[in-house]
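To find a chain, count down the sequence lines: A is the first, B the second, and so on, and within it residues start at 1. When reading the values below, keep in mind they use all heavy atoms of this one structure, side chains included, and skip hydrogens, waters and symmetry mates.
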Amino acid sequence: MEEQKVKNKQLENLKGMDIKAFQDDLIGWFSKEQRDLPWRKDSDPYRVWVSEIMLQQTRVDTVIPYFTRFMEQFPSIRALAEADEEKVLKAWEGLGYYSRVRNLQAAVREVNEKYDGNVPDTPKEISSLKGVGPYTAGAILSIAYGKPEPAVDGNVMRVLSRILLISEDIAKPAARKIFEASVRELIDHSNPSYFNQALMELGALICTPTSPSCLLCPVNEYCQAYHDGVQQELPVKSKKKKQRAVDLGAAVLVDQEGRFLICKRPGEGLLANLWEFPNTEVSPAFPGERRQLEDYISGLYEMEIQVAVLPERIQHIFTHLIWNILVFTGGLPEDFEKSDHYRLVSPEELKDYAMPVSHQKILKLYLDSIKTP
DNA sequence: CACTCGTGGCG
DNA sequence: TCGCCAAGAGT
């Protein structure tokens, strides 16, 4: 019944459309106008896979240098499978959504063992890999293997919402099924790779979120929103709620040989497995941020630590969170004992540790403070 | 389904 | 300045 409603919807929206002409115009445009991107040099499944993971919620311009470096450092399934986790995370540093790379390496290791290093080519098998959801599964199957599977991302939902005049809220997870059903009706079985990539490329270059270039669009004659002059009203997308603010106290602690104390974050959750300066959530009002941070660190390392506050406060904005960080500095005694949870590293060694951007800001603030007191 | 999970760029 | 975004997946 629900399935029937989806089917009725697409039949209604596809009525009277010359699908073959649409495919040819769309693919013809992509063949001519596609950007020269590093992951388009070939259709090696591993390269397609890595690029699709990096591109999740991330701009093309941001991904390009990461992709190039990553493929140099880990050029094959086996290379990534056998790589040191710390080095893989370091290669991802600054790209965000760090669970992506942890899942990618886990999945690559599974492919290396279970599939003898060959990326599977069936929806069931590839979807079972960690970090491979409906979009990525469809992208790899179509781009690397030429299978006529939908790859519905934000671009595709925006483009098709306009062409087919679909008013579903694309912020809702349920909306994706509508568009997947539409793609199954529209996709060119002779070139699924170009068809899917063309829809996304069109969304990136022409059918943009604000002020789409409809006059330049190769498929504007098929677009119902353009025909009705409502392209600016689509897609329908509900708003996200705004971030909550959290106050942190963080300490840059240095021993007598100039080494920094850093800690490893937990293996799950926010910024998992990244290294950072010791910090804790504080309440600015009571009983004083400095005292709260000192108590936290003293309890953590069973030693009395005293810190001084730096004048500037750092703000770091996440998708769903805002960190307001007050930065402190302090010295470490000589008889400081090591453990797995934290390390003492020189400024040179610090470069080998993956740190969140927020803590790179902290480091910079500290270095500036000792340079110009 | 609602929420978590990063970052940098843009109008 | 700030909300919105950019080739989503896991829980």
Given [N], is OP1 or OP2 found less than 4.0 Å from the side-chain N or O atoms of [X]?
X       : N      : answer
H316(A) : dG6(B) : no
T62(A)  : dG9(B) : no
H320(A) : dT4(B) : no
K172(A) : dA2(B) : yes
Y97(A)  : dA6(C) : no

Would you mind classifying the nucleic acid contact of [X] as base, sugar-phosphate or nothing, using non-hydrogen atoms under 4.0 angstrom?
X       : result
I317(A) : base
K242(A) : nothing
W39(A)  : base
V156(A) : nothing
A151(A) : nothing
L271(A) : sugar-phosphate
R265(A) : nothing
G203(A) : nothing
L199(A) : nothing

Grab the [atom1]-[atom2] distance between [X] and [N] for me, whole Å please.
X       : N      : atom1 : atom2 : answer
Q315(A) : dG3(C) : CD    : C1'   : 14 Å
K130(A) : dG8(C) : NZ    : P     : 22 Å
M157(A) : dC5(C) : CE    : P     : 11 Å
M355(A) : dT7(B) : CE    : P     : 12 Å
R59(A)  : dC5(C) : CZ    : P     : 10 Å
W92(A)  : dT7(B) : CH2   : C1'   : 13 Å
R102(A) : dA9(C) : CZ    : C1'   : 12 Å
L104(A) : dC5(B) : CG    : C1'   : 16 Å

Counting heavy atoms from C-beta on, name the nucleotide in [options] closest to the side chain of [X].
X       : options                 : value
R158(A) : dG8(C), dA6(C), dC5(B)  : dA6(C)
L270(A) : dG8(B), dC5(B), dC1(B)  : dC5(B)
P209(A) : dT7(B), dA9(C), dA6(C)  : dA6(C)
K240(A) : dG10(C), dC5(C), dG6(B) : dC5(C)
K241(A) : dC3(B), dG8(B), dC1(B)  : dC3(B)
P134(A) : dA6(C), dA9(C), dC5(B)  : dA9(C)

Exercise for review: Is it possible for you to say whether V88(A) and M71(A) belong to one hydrophobic cluster, with membership spreading through side-chain heavy-atom contacts below 4.5 Å?
Suggested key: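 Per the 4.5 Å side-chain linkage, V88(A) and M71(A) are co-clustered.
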Point to revise | Residue met sooner reading DNA chain B from 5', once A175(A) and T319(A) are mapped to nucleotides | key: A175(A)
**Study point:** Position toward the 5' end of DNA chain B (nearest nucleotide), E268(A) or P173(A)
**Key:**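 Of the two residues, P173(A) wins.
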Check your understanding: Within a reach of under 6.0 Å around NZ of K361(A), are more than 12 heavy atoms found that belong to other residues, nucleotides or ligands?
Key -> yes
**Study point:** Q232(A) side chain near P212(A) side chain, heavy-atom distance below 4.5 Å
**Key:**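 Yes. Closest side-chain heavy atoms under 4.5 Å.
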Practice item. Record whether the side chain of R100(A) comes under 3.5 Å of the base of dC5(B) through a donor-acceptor pair of N or O atoms. Key: no
Check your understanding: Has the side chain of T210(A) got a donor or acceptor that lies under 3.5 Å from a partner of the other kind on the base of dG11(B)?
Key -> no
Check your understanding: Distance between the P atoms of dC5(B) and dA6(C), in whole angstroms?
Key -> 23 Å
Point to revise | Rounded distance in Å between the P positions of dG6(B) and dT11(C) | key: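 So the two P atoms sit 13 Å from each other.
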**Study point:** Closest-nucleotide 5' rank along DNA chain C - winner of M200(A) and K239(A)
**Key:**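 Looking at DNA chain C, the more 5' nearest nucleotide goes with K239(A).
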Practice item. For S127(A) and for E201(A), locate the closest nucleotide of DNA chain C by heavy-atom distance; then report the residue assigned to the nucleotide nearer the 5' terminus. Key: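 Final value for this comparison: E201(A).
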Can you see which heavy atom on [X] is nearest to which on [Y], and at what distance?
X       : Y       : result
A204(A) : R35(A)  : CB-NH2, 3.6 Å
F70(A)  : L104(A) : CZ-CD2, 4.3 Å
L164(A) : L14(A)  : CD2-CD2, 3.7 Å
F260(A) : L363(A) : CZ-CD1, 4.0 Å
G203(A) : R158(A) : O-NH2, 2.8 Å

